[in-house]
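Values reported hereafter were calculated over all heavy atoms of this structure, with side chains retained and with hydrogens, waters and symmetry mates removed. Order of the sequence lines fixes the chain letters, A, B, ..., with proteins taken first and strands second; residue numbering starts at 1 for each chain.
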Amino acid sequence: MVDALAPFVTTVTPWIGHVMSLILLLPVASFLILVVFGKKMGERSSYVAISAVAASFLLSIIAVLFVMGGGRAELSFTWLSVGDFHPTFGLLLDPLSAMMLIVVTLVSMLVQIFSVGYMHGDKRIGWFFACLSMFTASMLLVVYSPNFAETYIAWEGVGVFSYLLIGFWFEKRSASQAAKKAFMVTRVGDLGFAIGLILLYVVAGTLDMNKIFGMDLQAPLAALIAILIFCGAVGKSAQFPLHVWLPDAMEGPTPVSALIHAATMVAAGVYLVARSYPLFEMGPVSLEVVAIIGTITAFIAASIALTATDIKRVLAYSTVSQLGYMMMGLGVGAFAAGMFHLFTHAFFKALLFLGAGSVIHAVHSQEIHDMGGLGPRMKITSLTFIIGGLALAGVPPFSGFWSKDEILLGAYTSGHTAIFWVGILTALLTAFYTFRLIFIVFFGKPRGHHVDHVHESPPVMSVPLIILGTLALVAGMVGSPYLGHFFQVFITNSHEVEHANMFVMGLSIAVAITGIFAAWLKYGTRLLPSGVISKDNPIYKLLVNKYYFDELYYYVLIKPTHAIAKYVLSFDQKIIDGAVNGVAWVSTKVGSGLRQIQTGYVQNYALYMLAGLIVLIIWSFKILGVY
Amino acid sequence: MEWLQQVNWFVLAPELIIFSFAIIVLVGELFLSANAKRSLGVVTLIGLIASLASVAGIWNIETTQFNGMFSVDLTANILKAILLVTTSLMVLGALKSRFSMGEGEFFSLILFSVLGTMFMASSADLIMLFIALELTVLPAYVLTAGRRSARSSEAALKYFLLGIVASVILLYGMTLLFGLTGQTNFIAIAKELAKQKIDATLAVAMLMIIVGLGFKVAAVPFHFWAPDVYEGSPVPVATYLAAGPKAGGFAAIIHLFPVALASVKPAWAMVFAALAVLSMTVGNFVALAQNQIRRLLGYSAIAHTGYLLIGLAVADQIGYSSMIFYFFVYSLAALGAFLVVLATTERGIGESVTDFAGLHKRAPMVAFAMAVFLFSLVGLPPLAGFMGKLFLFSAAVKSNLIWLAVVAVLNSVVSFGYYVTVIRQMYLAPPVTDKAMPVSAPLYLSIMLIVAAIIVLGVYPTAFLSIINL
């Protein structure tokens, strides 16, 4: 089905090779410059970072046009050769990576422009832009990678820089805790990923995707490896049951949330599954796992979002839920639909995060109950936020509608009936929580004490919102039936596309409208009494406490780990440290002893030299057998 | 003067450029005003870079000049390039330093020493080799004495006296070799020796030459000068000595032993293996007991000579190539570490390891750079030192010197002990004062260039390996 991914065509024309390398190297260069000079440059750091990523973006457009013209390219060079071990390092340009290049560089560029306003006056702004640059570069490398070893390295790079960015305000204890949590939880998934890769290397003898996808692995084995690789994706893309890190990661600066949690890092998991799709197809069971995990994630996260009261957390859960949709799409075989949703989601979710950032910037609070009535005071922010909301809720003709509809259609036509109905239910919840947020924040009466002097953000922040708003409105068109499913054709390189199904489309429009209407009834009018949902309701409690996942992990994993660690520590201190200290003590004594030779007297030194000479002469006589 | 026309002056360009600049700088010292003299460092730097460019111009040329005395080949060119790169970085770092001798004197002596080292790298003849070696060390003696202190004079005197002893032994060995063969040219010697039976005189001659060159590269037990010189000489001089001049010693060994002394290869390979073990072990263990940073780096240099000698013990092309790669990697890290010492001493910070306490608070990038250098010296991935050790030790394993590789790995573990004390001081110990430590721009640039090079060579060594055709 996915012809584009089957053995890569490798035609390298020199100029496209330069373009490909530059796209990656410009942000790296920006990182290096800012690490060294960032402190001195201060606010001017942003010029370096933004011009680098903007140039990367323009070059990405060239790369996409090249791919649209039917071109494919792979750059590859041997990293090193030690004996029989010749790992290569490469960059691959095909429709899938070209699409991601655009998404990553464009969103990264807009986020960085937005950050100029948002991070204004921060002491460590140079370091901030350095991290953003290197994060972008790591993500680009994930996108580009034609072999799993390289993917894994880049993958860890993404992890490290997201850790630094989430914990950017490390003075805040919650921020450094959140960064740690994000890093540790994703490590759990990475462990599976690493085991999968080792297994793959043992079985296939290579980690080169091109070669692996051309092989014919046994279905159970392929499924096992694919599921292990999927573990990595579960961690990075915050899928159930490892979704717990993403909402906490909202402690990072809001532009970081927009970049990491909308377009790049969380999308890396989905991208990994898409990139390894031929492997998943070899063991079809693994795709069922992907679909089921995705569906559970989509539903659970959407239901938690119903009760969250922190504007960024609502968006975080919505991100988790939408990522679940993408996995669902990939799992049910709607490959192009899953990638299409990744594409549209990147724009409208980045828009929503940046809009939230603009609101937080104005109100100095993240609690939605401190907001309200912001609409007239922040016209651009509210208008673009509503566009993003409509896209998220899946109202035509906004971009989210087209892609979500394609996923549901895929589930429906492939016979995954249960998954389809859960998907529809989740769409209802999505529309409801999105407009709950919008009605509370932008409509009604002002609440909170900051609201009086609220004003629109500066142009450096509002222009990215406008651009993303436009994209959220129109980006869906490229995959709509009106343009002949251009996006899907481009990604899969085949013209067999699903035809629109009026039942699915009608149903998904109906639930979106119903959700919005319900939210309006509850939060936009006074028609319903405020106590319609009791706070003592067990379901409400369950949702507010996020299904008690954090508590579960605390008692099942963290506490026992601490207990074991304590025990191991005492063993380590007494026995291992003792041995190490003993060796160190002996070595130091030997050193002090040998030091005595260095008497400081030249005549002694000359004597030692001569003695050395004589001993060596006698010894070499023996070797040569003379005398 | 017919011979003058037979000489291809083009292939001598690197040496001619250095020679001219040495004269220019020396004359500048005589005639320039005190202010104008400050620019002599820049002139030196230009000379070094110009010479480097001309080395690049003759990179793949293989020829001999002056009746086979002067050899131009890839090994010589690589080692000259390494020497010029490291010396340029040293000069760049020392641009703003204050010297107790005149700038012109300092830089012209450096250039003369570089010139000697370059000739040494190109020697294909015993006489040439000896003269070049003397040209290398004589300016170094003077430079060592450049600080007006008892320590500096003492170090210079020890260096000089021991150097004389080593030179005399070397000359003795050369004389014996000449007596055996009647030749001074390496290839001619090899031809003569191939006709003869191996006898004791040849072994003695070989060993005496090893002593002379072993002194140059500071191999145990001919290393005694190194700790005193590294500690006593002015910091920029120690920085220079830590990196560059050893290139000449190793180049001479690679040129002389496999060619002229091919018939006694088993003997010298074993002797180099023994010297390697001795140097590594003595260097690393004694370094553990040091608390002065320069002395510590001095012993670390001895230990690294030990690692490098593994390449000679392996005694094949892979061994030599691995050794050259490791030499580059090592000299960058050692140079960087000394430049950091230069940065701190210039700001009045002491030279004991505990004086580095809390450096990362006072100068975070410099402390980071120092950590990179030291970790590279230990050989931790992804830094260049790791790749260097990987190639070198795997070369040993390939030629069945597994025991040597094991000793080297154990030694690397020991070396971790003393490098880490410096890092621990920088990162974990509280600083005496929180005041930021400023670093002059050229010195900072030089340090950062080295950090970048170490990381790039560690992540992508093929970049360098493909240049040296490994």
Can you tell me if OH on Y172(B) sees more than 12 non-hydrogen neighbours from other groups inside 6.0 Å?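 Atom OH in Y172(B) is not packed in, count stays at 12 or less.
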Crowding at OH, Y152(A) (>12 non-hydrogen neighbours, <6.0 Å):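 Atom OH in Y152(A) is packed in, count exceeds 12.
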Heavy-atom closest pair, residues [X] and [Y]:
{"X": "F621(A)", "Y": "V204(B)", "answer": "CZ-CG2, 3.7 Å"}
{"X": "A166(B)", "Y": "M609(A)", "answer": "CB-CE, 4.0 Å"}
{"X": "A267(B)", "Y": "S620(A)", "answer": "CB-CB, 4.3 Å"}

Using heavy-atom distances under 4.5 Å, tell me whether [X] contacts chain A through its side chain, its backbone, both, or neither.
{"X": "P382(B)", "answer": "neither"}
{"X": "I169(B)", "answer": "side chain"}
{"X": "L157(B)", "answer": "neither"}
{"X": "L162(B)", "answer": "both"}
{"X": "M270(B)", "answer": "both"}
{"X": "V271(B)", "answer": "both"}
{"X": "Y418(B)", "answer": "neither"}

To the nearest 0.5 Å, tell me how far [X] [atom1] sits from [Y] [atom2].
{"X": "F37(A)", "Y": "Y444(B)", "atom1": "CZ", "atom2": "OH", "value": "7.0 Å"}
{"X": "Y605(A)", "Y": "H223(B)", "atom1": "OH", "atom2": "NE2", "value": "8.0 Å"}
{"X": "F272(B)", "Y": "L616(A)", "atom1": "CZ", "atom2": "CG", "value": "10.5 Å"}

For V615(A), is it the side chain, the backbone, both, or neither that has a heavy atom closer than 4.5 Å to a heavy atom of chain B? neither
Under 4.5 Å from any heavy atom of chain B - which part of L610(A):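 Just its side chain gets close to chain B.
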Of the listed residues (L288(B), L278(B), I210(B)), which shares the most heavy-atom pairs with chain A below a 4.5 Å separation? L288(B)
Heavy atoms only, distances under 4.5 angstrom: which of M448(B), E154(B), Q290(B) has the most pairs with chain A? Name it, please. Q290(B)
Heavy-atom pair count under 4.5 Å with chain B, highest-scoring of V35(A), N604(A), L613(A):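 Ranked by contacts with chain B, first place is L613(A).
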